[in-house]
Amino acid sequence: MKRNTHMFIMSHSPPMDPKIWSKLPPEILEYILSFLPLKTFLNLRSTCKGFWSLVFSPSFISKHSFPSSSSSSSSSSSSPFSSFLLLSHPQFHRHFPLYDCTLGTWRNISLSLSDSSLQCFPSLTTLVSSGGLFCLSDSLSCSLIVCNLLAKSSRKIQYPSFSLHLEHLTFVTTPTGYTIFVLCSEAATNSAFVYDSKVRTWKRFDGFGPVLGDNHHQKGVFFKGGLYFATAEPCCVVIFDLGSGRWEKPVVGLPSQLTFVRLVSDGAGKLYLVGGVGNNGISRSIKLWELGGDGNWVEVQSLPDLMCKKFVSVCYHNYEHVYCFWHEGMICICCYTWPEILYYLVSRRTWHWLPRCPSLPLKCSCGFKWFSFVPNLYASV
């Protein structure tokens, strides 16, 4: 009898006023929507512009972007919200258009550096990103800023020397923190500086030779406890051991007839080499190699001819503008003078072009910088 009475009351109760949702505080609405199944939310967010921004709310990301404490890291899979490519360009100022690699589309929202905690740094310049953190430079205060935009936290790190001109800056995150590597040339002295977030101090290593050349856009690739750099003319690989501060060269050489070399690490024990093959500094083909267990480079794939012609025409044989990085199973090959990304999908062994950002004007200057962004609410600065 009680059950029938309850059902009668529910069936004759007035419908809930839809306006109640607009009266809820934002944090309550975020909390409620965070409990929706992922598929339901993907369908729901297209019904309201406000729902699109919820993808970056701490409550939603903490629920959908990270495995539970009871699941092992080996069995957990990454969330669709942990795969973004960010585009930086002078015309965007402090805003970064987002490409969602899971949905295969550009979002109509952007990630912003205009957070109140960063307003006191008017001259911030984006340098690198890793593991959900950004490392930026503030030239006026001679400092670096490491920030987590999701957690709205940041840390100011003074340059190791006020006369330091940043060269080959590399920012690497690990499960226990992050490392910052920079080079500095003062008079006849060459020095490498390494910042360790665990001890929050810089360590200086002197006496290295000018092994990296003049391409200051190049960054090191973290692999097996060291930073791997590719040099030009002649092409070779040099390693900086983060523990000892020594520079080393691998015993095994590189493939022949290389016109340029870039390195990419997947962060899970594999090191790749992207290189142009040709004569007299002109690439006739672009190839991908993987470092084998015996220390030799094993050819994996060649870029199809039509894609190679387009890429070479983009670079105009000026390969110092070419840079590469790893992003969620993709080897991304970019150029500072071109607004598109050429990428290799490792799992399918296929090459693709990323669609052009729709918010870019048809005619825009160079200065395109791409970053891999894996949201991590709990990444500590």
Side-chain angles (χ1 to χ4, degrees), residues 58 61-62 65-69 71-74 76 78-79 81-84 86 111 113 115 117-118 121 124-138 141-161 164 166-184 191-205 219-229 239-246 263-271 325-328 371-381:
I61 290 177
S62 62
S65 294
F66 305 97
S68 62
S69 57
S71 61
S72 62
S73 58
S74 60
S76 62
S78 59
S79 162
F81 300 106
S82 63
S83 183
F84 295 99
L86 273 65
L111 198 63
L113 291 178
D115 184 80
S117 62
L118 301 176
F121 305 107
L124 283 180
T125 302
T126 304
L127 295 175
V128 281
S129 69
S130 177
L133 297 178
F134 285 83
C135 182
L136 310 106
S137 173
D138 182 45
S141 63
C142 294
S143 61
L144 296 171
I145 312 298
V146 177
C147 61
N148 185 333
L149 297 182
L150 294 179
K152 297 183 178 180
S153 60
S154 61
R155 178 176 298 278
K156 182 178 180 181
I157 303 171
Q158 289 295 147
Y159 288 177
S161 170
L164 175 66
L166 297 181
E167 299 178 10
H168 303 284
L169 183 141
T170 299
F171 178 63
V172 176
T173 55
T174 65
T176 59
Y178 56 85
T179 298
I180 303 174
F181 170 92
V182 292
L183 294 183
C184 177
S191 303
F193 292 91
V194 177
Y195 179 86
D196 188 344
S197 66
K198 294 189 292 293
V199 294
R200 297 182 183 177
T201 57
W202 290 96
K203 184 180 290 186
R204 177 171 179 163
F205 301 95
K219 299 173 178 59
V221 174
F222 183 71
F223 182 70
K224 293 186 176 180
L227 295 179
Y228 284 60
F229 294 87
I239 309 168
F240 179 81
D241 189 292
L242 289 172
S244 64
R246 294 194 303 266
L263 299 171
V264 180
S265 172
D266 69 350
K270 291 187 178 181
L271 184 67
F325 61 89
W326 176 269
H327 175 75
E328 300 292 275
F371 303 96
S372 170
F373 178 53
V374 181
N376 188 343
L377 183 64
Y378 305 106
S380 175
V381 299

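One is the number of the first residue; the rest follow in order along the sequence.
Checked by atom type and distance alone, the side chain of Ser372 never pairs as donor or acceptor with a backbone atom of His327 at under 3.5 Å. Judged by distance alone, with hydrogens and angles left aside, the side-chain atoms of Trp202 form no donor-acceptor pair with the main-chain N or O of Asp196 at under 3.5 Å. Panel note: side chain Asn148, backbone Ala379; a donor-acceptor pair is recorded below 3.5 Å. Between the side chain of Ser129 and the backbone N or O of Phe134 there is no donor-acceptor pair closer than 3.5 Å.
Residues Leu227 and Leu242 have side chains in contact (heavy-atom distance under 4.5 Å, counting atoms from C-beta outward). Counting heavy atoms from C-beta on, the side chains of Arg155 and Cys147 never come closer than 4.5 Å. For the pair Tyr159/Ser137, a side-chain contact is recorded, criterion being any heavy-atom separation below 4.5 Å from C-beta on.
Contact record, Val381 with Val146: CG1-O, 3.7 Å, taken as the closest heavy-atom pair. Scanning all heavy atoms of the two residues, the minimum distance from Val128 to Lys219 falls at CG1-CE, 2.6 Å. In terms of heavy-atom proximity, Ser154 sits nearest to Ile145 at CB-CG2, 4.1 Å. Taking both residues in full, the closest heavy atoms of Ser130 and Thr173 are given as OG-OG1, 2.8 Å, listed atom of the first, atom of the second, then distance. Nearest heavy atom pair, residue Leu271 against residue Ser265, reads CD1-CB, 4.1 Å. Considering all non-hydrogen atoms of both residues, Ala192 and Leu183 come closest at CB-CD2, 3.7 Å.
Atoms OH and NZ, on Tyr195 and Lys203 in that order, are 13.5 Å from each other to the nearest 0.5 Å. Here CG of Leu149 is found 9.0 Å from CG of Leu133. Values are rounded to the nearest 0.5 Å. A distance of 9.5 Å separates CG in Leu263 from CD1 in Ile239, rounded to the nearest 0.5 Å. Once rounded to the nearest 0.5 Å, the distance linking CG of Leu144 with CD of Gln158 reads 9.0 Å. Atoms CD1 and SG, on Ile180 and Cys135 in that order, are 4.0 Å from each other to the nearest 0.5 Å. Note that CZ of Phe373 and CD of Glu328 are 11.5 Å apart. Values are rounded to the nearest 0.5 Å.
You'll find the ring centres of Phe193 and Phe205 outside the 6.0 Å limit. In this structure, Phe229 has its ring center no closer than 6.0 Å to that of Phe240.
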*asked:* Go through it in stages, so that I can follow the logic: the residues are Phe371 and Phe325, the test is ring-ring contact (aromatic ring centres under 6.0 Å, His included), and I'd like the CA-CA distance, side-chain angles, deciding distance and then a yes or no.
replied: CA-CA 8 Å; Phe371 303 96; Phe325 61 89; 7.8 Å; no
